[in-house]
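Single-structure report; data block below.
Each residue takes its place number in the sequence, starting with 1.
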Amino acid sequence: MKGKFIRMLMVFMTVLLFSFLAACSDESSSNQKDGEITLKVLHNWNGSGAGAPPKDNPVADKIAEKTGVRLDFEYTNGSEVEKLTQVLATGEFPDVYIGPAWGKESELLLQAANQGMLHDLTPYIEKYSNLAEVVKKENMSTALYDNIMSKQQGGQYLLHSAYPATEEDIDDWLYELYVNKDIADELGVDPDSVQTPEDLYTFLKKIKEGGFEVNGNAVFPLGAYDNGWPLDITSEMFVPVAGAGSWFIDDEGNARYNFMTEEYEEWILFMRKLMSEGLLDPEVYSHTGTIAREKITQGRYAVIPNQFPGLWNDTKQGGLEDKYVPLGPLEDFNGDRYRTEFNVQGSQLVAVSAEVSEEKLEAFVKMFDYLSSDEGYLLANFGIEGVHYDLEDGEVVAKEEMVQKIEDQTFKEEGVGHYIAFAGLDRGNSLGGGPFAHQFDKQYKVKDEFIEIVRKDGIKATTGSDPDLILKAHPNFAQIEPITLVMGDTVQQAIHASTEEEALSIINKTRDALKDAGIEEVADEITKQAQNGTEFMRYRTSN
């Protein structure tokens, strides 16, 4: 009798366990229907989970309806490079990976491809025109093609998306210096009159002498985000391409590493001068992003370097979005205020694990092909027609209730804009007519006004190969790379130096190390190729 009771109890517990597991399964995939396939996706963008919609949302449901695929996202908090390194080291690669199409992330992904960790998509690219479109050489930057895509061995493992389909789709983030116009007005300074480094220095000095305060706290003439981002854009007043690790190639083809040039040295000394005279927030290279944003929302920076969307969103938190306008624009290294050349590129690399089943691979391809179509692109970027938007004269116009959701900060629950990594070439302007709800958002009107100020000569795409490719392929790179990894620290130390002599001493120690490692031999090779007809990227505006 006792044994029978135990057997009955075991049966009951088993039924209870299966019921529990079924309930958990239903909870985690509540809207999933029979026959649908779930793909696990690593969304390798720092902090992207903060803006993520719930797993079940209207766009996700529509994607499942059209393709039979649901996506289960994992998000990264922290360094994208560290996350990808960890994933590759542990072998815990997701079904699908999406992440940055540049830097060390792309190099690691290429390495994984050539080590057999990613699936060769060649048969599907030959079969599906929408997949073929995103891997064409003309649909990616020269640098991405030269550095990554052309170096895949034995197949096509990487897909590339969000590259502008037309010139109209090139996104201008408007990286500029922005000034609080109330402060400029009080000082009697027209922002347009600030054009040169000397003008900028004089203006910042006037701000300091003005003794401006907000809520009892001093207003810094110039500030920035954590680690000084993006103060580096001011170096475009001195060199053709911002950054210590970029290359200065003159009209005769002579190449110099930025950090080795007198021009970049002048920028460092200029920034040191601002720091030493209290014209730059002394914590700008040490405070966190959170603290930096608090200073910005409080209005404690008279001048801020930023891209426009970030500036608008951060100042809006303090009700200051109407206060900031472009300063200048400032002249570039050659005295041109309006030259704008972007290294046009897409933002996403997409890959599939070599370990996925054939069923999952087919499901991924079907989903990517659909979302890369015009219909799928509109769904991923603008949502469902009649629910999220209406088409008026061929242009996407957001529904009034969706505009309200944007105002209420609940719009992310709709899933609109979350699946764009799978939507192929960027057609936001040419197909959709502009960003979602741009007709109702003051931000886009203001951006258009600022474009009129700083882009009087329009924009164009850079041409030519990235000279950094020569550095990375050079035999001296193994000795040079460790020095370049700490070069940013050298720049910051020099900016904080108490005297120019001390700053130059700090700079020259690293220069000597670069010389000993063979940087000048790399410069000679780039010069040789440039003078023999190789076209290199010589000028680039931050974007």
Side-chain angles (χ1 to χ4, degrees), residues 45-52 75-80 100-103 162 170-181 191 220 222-236 242-243 280-281 283-285 287-330 340 342-343 345-348 406-407 409 411-412 417-418 420 426 428 434-438 441-451 453-455 459 540-543:
W45 291 91
N46 179 23
S48 57
Y75 302 98
T76 297
N77 287 310
S79 165
E80 292 93 349
W102 48 72
I170 297 175
D171 200 358
D172 186 349
W173 289 74
L174 284 184
Y175 273 89
E176 297 289 333
L177 290 181
Y178 293 90
V179 61
N180 186 319
K181 63 184 179 182
F220 296 106
L222 176 63
Y225 291 74
D226 45 315
N227 205 35
W229 183 86
L231 278 173
D232 217 21
I233 66 172
T234 60
S235 67
E236 291 173 17
L280 178 62
D281 179 0
E283 296 179 340
V284 79
Y285 290 106
H287 62 194
T288 65
T290 300
I291 292 174
R293 284 178 174 83
E294 286 177 1
K295 292 174 181 176
I296 289 166
T297 58
Q298 293 166 6
R300 294 189 61 200
Y301 288 155
V303 178
I304 310 171
N306 205 341
Q307 36 96 335
F308 175 74
L311 175 83
W312 182 270
N313 290 331
D314 291 338
T315 54
K316 190 174 183 179
Q317 303 306 310
L320 303 173
E321 67 272 22
D322 290 329
K323 298 292 186 184
Y324 287 86
V325 298
L327 183 66
L330 296 162
T340 304
F342 291 146
N343 180 23
Q345 55 187 9
S347 59
Q348 310 279 345
I406 293 173
E407 288 294 319
Q409 299 186 356
F411 183 62
K412 73 175 185 179
H418 192 65
I420 58 175
D426 182 12
F436 188 86
H438 69 276
D441 193 333
K442 183 179 178 181
Q443 170 186 173
Y444 297 105
K445 179 183 178 182
V446 173
K447 182 179 179 181
D448 287 342
E449 292 171 357
F450 288 0
I451 286 174
I453 295 172
V454 301
R455 301 292 189 243
I459 63 175
R540 184 171 74 237
T541 309
S542 295
N543 193 40

Worksheet item: Is there side-chain contact between Pro305 and Leu222, with at least one heavy-atom pair below 4.5 Å?
Response: yes

Discussion item. Tell me whether the rings of Phe308 and Trp312 are parallel (<30°), tilted (30 to 60°) or perpendicular (>60°).
Written reply: tilted

Fill in: Distance-minimising heavy-atom pair for Ala292 and Asp226
CB-N, 4.2 Å

Worksheet, complete the sentence: In terms of heavy-atom contacts, Arg455 and Phe342 come closest through NH2-CZ, 3.8 Å

Worksheet item: Looking only at heavy atoms, which two atoms of Ile406 and Ala437 are closest? And how far apart?
Response: CD1-CB, 3.7 Å

Worksheet item: Is the backbone of His418 close enough, under 3.5 Å, to the side chain of Lys412 for a donor and an acceptor to pair up by distance?
Response: no

Worksheet item: Under 3.5 Å, is there a donor-acceptor pair between the side chain of Asn543 and the main chain of Asp171?
Response: yes

Under 3.5 Å, side-chain donor or acceptor atoms of residues 316-329 against the rest of the protein: list the pairs with distances, not counting sequence neighbours.
from	atom 1	to	atom 2	distance (Å)
Gln317	NE2	Asn313	O	3.2
Asp322	OD1	Lys442	NZ	2.8
Asp322	OD2	Lys442	NZ	3.2
Lys323	NZ	Asp182	OD2	2.6
Tyr324	OH	Tyr301	O	2.6

Practice prompt. Check the pair Lys445, Glu449 against side chain to side chain contact (heavy atoms under 4.5 Å, CB included), reporting the backbone distance first and the verdict last.
Written response: CA-CA 6 Å; Lys445 179 183 178 182; Glu449 292 171 357; 3.7 Å; yes

Fill in: Asp441 (side chain) donor-acceptor with Gln443 (main chain) under 3.5 angstrom
yes

Fill in: Plane angle bin for Phe450 and Tyr178 - parallel if under 30°, tilted between 30 and 60°, otherwise perpendicular
tilted

Worksheet item: For the side chain of Asn306 and the backbone of Pro230, is there at least one donor-acceptor N/O pair under 3.5 Å apart?
Response: no

Fill in: Glu236 side-chain N/O to Ser542 backbone N/O, donor-acceptor pair under 3.5 Å
yes

Practice prompt. Working to the nearest 0.5 Å, report the span between CD1 of Ile304 and CG of Asp314.
Written response: 8.0 Å

Worksheet item: Which atoms form the tightest heavy-atom contact between Gly223 and Val284, and what is the distance?
Response: C-CG2, 4.0 Å

Item to complete: Among Ile459, Val454, Thr541, find the one that has a side-chain contact (heavy atoms from CB on, under 4.5 Å) with Asp172.
Response: Ile459

Item to complete: Please report the closest heavy-atom contact between Ala162 and Asp426, naming both atoms and the distance.
Response: O-CB, 3.7 Å

Response to the item:
Taken in chain and number order and not counting sequence neighbours, the residues that satisfy side-chain contact (heavy atoms from CB on, under 4.5 Å) with Thr234 are Leu177, Met237, Trp267, Met271

Discussion item. Within the structure provided, determine whether Leu311 and Leu174 are in side-chain contact (heavy-atom separation under 4.5 Å).
Written reply: no

Discussion item. What's the separation between atom CH2 in Trp45 and atom CD in Glu80, rounded to the nearest 0.5 Å?
Written reply: 7.0 Å

Discussion item. Just verifying a value: how many Å separate His287 NE2 and Glu294 CD, rounded to the nearest 0.5 Å?
Written reply: 10.5 Å

